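Written below as structure tokens is the structure these notes are about.
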There are 2 protein chains.
Amino acid sequence: MNACARCEVRDTAICRSLDEREVDELNRFGRQKCLRRGEVLQWEGDESLLIGNVIEGVVKLSASTRQGKDQTLGVAYAGDFIGRPFGARADQTVTALSDARVCVFRRADFDAFARRHPELEHDLLQRTLGELDNARAWMLLLGQMDAGERVASFLVQIARRQSGGAPRQPDGAVVLDLPFGRQDIADLLGLTIETVSRQITALRRAGLIDTPRLRTIVIRDLDALSACADGE
Amino acid sequence: MNACARCEVRDTAICRSLDEREVDELNRFGRQKCLRRGEVLQWEGDESLLIGNVIEGVVKLSASTRQGKDQTLGVAYAGDFIGRPFGARADQTVTALSDARVCVFRRADFDAFARRHPELEHDLLQRTLGELDNARAWMLLLGQMDAGERVASFLVQIARRQSGGAPRQPDGAVVLDLPFGRQDIADLLGLTIETVSRQITALRRAGLIDTPRLRTIVIRDLDALSACADGE
DNA sequence: CGAAAGGTTGAGTGCTGTCAACGTCCGTGG
DNA sequence: CCACGGACGTTGACAGCACTCAACCTTTCG
């Protein structure tokens with residue numbers, strides 16, 4: 001029995017579109033890799049292209065300007081796909097935000113395999129379309145929103161993300177345990193760390209959120225926060 | 001003989017991955033539509049989803065905040081694909097920047113057809129991955145660049161885009177006939193019309209560009225402009 | 001417990017948005 | 001052909017938001 005059968009993301013990652021035998025074949029040229037928080041899986045500009053799935057933990061994609069200013073382009077959670085199939089060069093840096101485990105393939109191997117499996121390509125298409133939607137939604141945030149709206153939007157989005165297994169407190173508050181530090185949030189929102197900090201302080205003073213510990217944020221009034229996100 | 005055989009974008013649009021018989025079938029539920037400059041093909045939030053190809057002209061995708069601030073999310077030229085297959089709702093407004101002609105399908109029809117044609121889905125995947133690259137490159141611009149860098153980047157990108165059939169003047173200058181007005185550029189770059197105007201004036205005063213007519217920009221020194229785009 | 005990393009707060013500056021006036025281009029109609 | 005009007009673009013003054021620099025505080029981990 002192969003390792004994939006026991007994989008945590010067997011039914012959520014792209015592998016879900018493959019049957020046992022196909023997964024077996026794909027697995028032959030894939031391997032798992034563990035990352036410590038902050039470790040880089042792939043650098044922007046690298047020649048060696050990796051394709052993969054996040055099995056556990058959180059990973060970010062980022063790019064930077066020539067002066068070293070970073071912009072986070074996306075965040076991948078367990079089950080999410082990372083990498084750029086059918087591409088020539090890596091144009092994003094992939095960094096672990098938490099300790100993480102990923103399943104990686106060499107791009108060439110993966111590409112060839114994908115071309116032989118339309119169901120996998122279809123799943124890939126769906127995921128890519130979703131990523132494009134996310135990226136474009138973020139463009140609206142980066143291009144048109146002020147700092148207050150950006151931070152509120154960010155928190156609302158994270159809250160929505162985990163609304164499935166939401167650890168809600170009796171009074172309806174939502175507890176967020178972020179894999180992000182302040183600098184990560186700043187890179188994501190196109191702001192500086194100081195501006196993020198000030199906005200979070202403002203939200204706390206307004207009673208909309210609490211910050212019991214670093215990296216933990218409690219949303220006390222999600223509706224009011226959503227209103228902030230919409231600029232009201 | 002069907003109309004597609006004579007289509008200007010028969011070999012550049014997604015149709016290129018289909019043979020005669022398949023194009024015929026697809027064409028059965030498609031139709032052409034002419035748009036005047038400024039005309040809207042589809043509104044953000046619309047239920048009726050359209051999928052299509054740009055045959056002639058230029059079209060933009062945009063979204064806006066609740067307060068009515070617009071952000072352009074992408075620009076589609078002849079041969080480019082527009083729309084969101086396998087999606088529930090339109091989250092972008094599609095507007096003609098110039099008089100344009102498009103070939104449109106109902107989303108449901110197109111989706112069903114695509115699922116039966118892996119080659120088409122593969123092409124669609126390639127295009128979507130490319131769009132995602134573009135969107136992420138733009139995120140870097142929107143999140144990290146100042147007004148001067150944004151305008152310079154914009155011009156350099158347009159120049160590169162048409163470097164194929166580039167109408168270059170003897171001295172190496174590049175002539176750009178933009179389908180964009182100042183407001184369009186502002187929406188694209190996440191700036192105001194006034195800031196765009198000031199930056200263009202600054203570039204003209206610095207001798208890097210000329211603006212012989214509205215919507216025409218001549219790049220006198222592409223290298224220097226590229227340097228500006230990189231923040232030097 | 002101590003040190004380092006991470007986060008907060010404050011003061012000051014500068015870039016970009018806002019508001020307003022003016023100038024220029026272009027299509028229309030006399 | 002010229003005059004006109006409206007759309008589009010430019011320029012200026014000013015204000016405010018976010019960035020920079022710097023000091024200080026807090027949390028976390030060895």
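Everything numeric in this text was worked out from a predicted model, so none of it was measured. Naming: A, B, ... by sequence-line order, numbering from 1 per chain.
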Handout entry: Intermediate values then yes/no, side-chain contact (heavy atoms from CB on, under 4.5 Å), A/Phe154 and A/Val196
Key = CA-CA 11 Å; A/Phe154 166 73; A/Val196 171; over 6 Å; no
Exercise for the section: Answer yes or no: does a side-chain N or O of B/Thr195 lie under 4.0 Å from OP1 or OP2 of C/dT16? Expected result: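 No, B/Thr195 has no side-chain N/O under 4.0 Å of OP1/OP2 on C/dT16.
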Problem - B/Arg106 CZ: over 12 foreign heavy atoms closer than 6.0 Å - result: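 No.
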Send over the distance from [X] [atom1] to [N] [atom2], rounded to a whole Å.
| X | N | atom1 | atom2 | result |
| --- | --- | --- | --- | --- |
| B/Ile209 | D/dG9 | CD1 | C1' | 14 Å |
| B/Ile193 | D/dC8 | CD1 | P | 9 Å |
| B/Asp184 | D/dC8 | CG | C1' | 11 Å |
| B/Arg198 | D/dG12 | CZ | P | 9 Å |
| A/Met145 | C/dG17 | CE | C1' | 17 Å |
| B/Leu214 | C/dG27 | CG | P | 10 Å |
| A/Arg150 | D/dA18 | CZ | P | 8 Å |
| A/Arg182 | D/dT27 | CZ | P | 12 Å |

When all nucleic acid strands are considered with a 4.0 Å heavy-atom cut-off, which category describes [X]: base, sugar-phosphate, or nothing?
| X | answer |
| --- | --- |
| A/Ile200 | nothing |
| B/Gly190 | sugar-phosphate |
| B/Arg205 | sugar-phosphate |

Problem - Donor-acceptor contact present, side-chain A/Gln42 to main-chain A/Leu50, <3.5 Å - result: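 Yes.
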Exercise for the section: Using a 4.5 Å cut-off on heavy atoms from C-beta on, say whether the side chain of A/Leu73 contacts that of A/Trp138. Expected result: no
Problem - Check ion pair A/Asp133-B/Arg84 (N to O, under 4.0 angstrom) - result: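 Salt bridge present between A/Asp133 and B/Arg84.
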State which of [options] makes the closest approach to the side chain of [X].
| X | options | answer |
| --- | --- | --- |
| A/Thr192 | D/dC19, D/dA22, C/dT16 | D/dC19 |
| A/Gln199 | C/dT9, D/dT11, D/dA18 | D/dA18 |
| B/Glu194 | C/dG10, D/dG12, D/dA18 | D/dG12 |
| A/Arg213 | D/dG9, C/dG17, D/dT28 | D/dT28 |

Exercise for the section: Name the residue closer to the 5' end of DNA chain D, choosing between A/Pro212 and B/Thr201 according to the nucleotide with the nearest heavy atom. Expected result: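 Per heavy-atom nearest nucleotide, the more 5' residue is B/Thr201.
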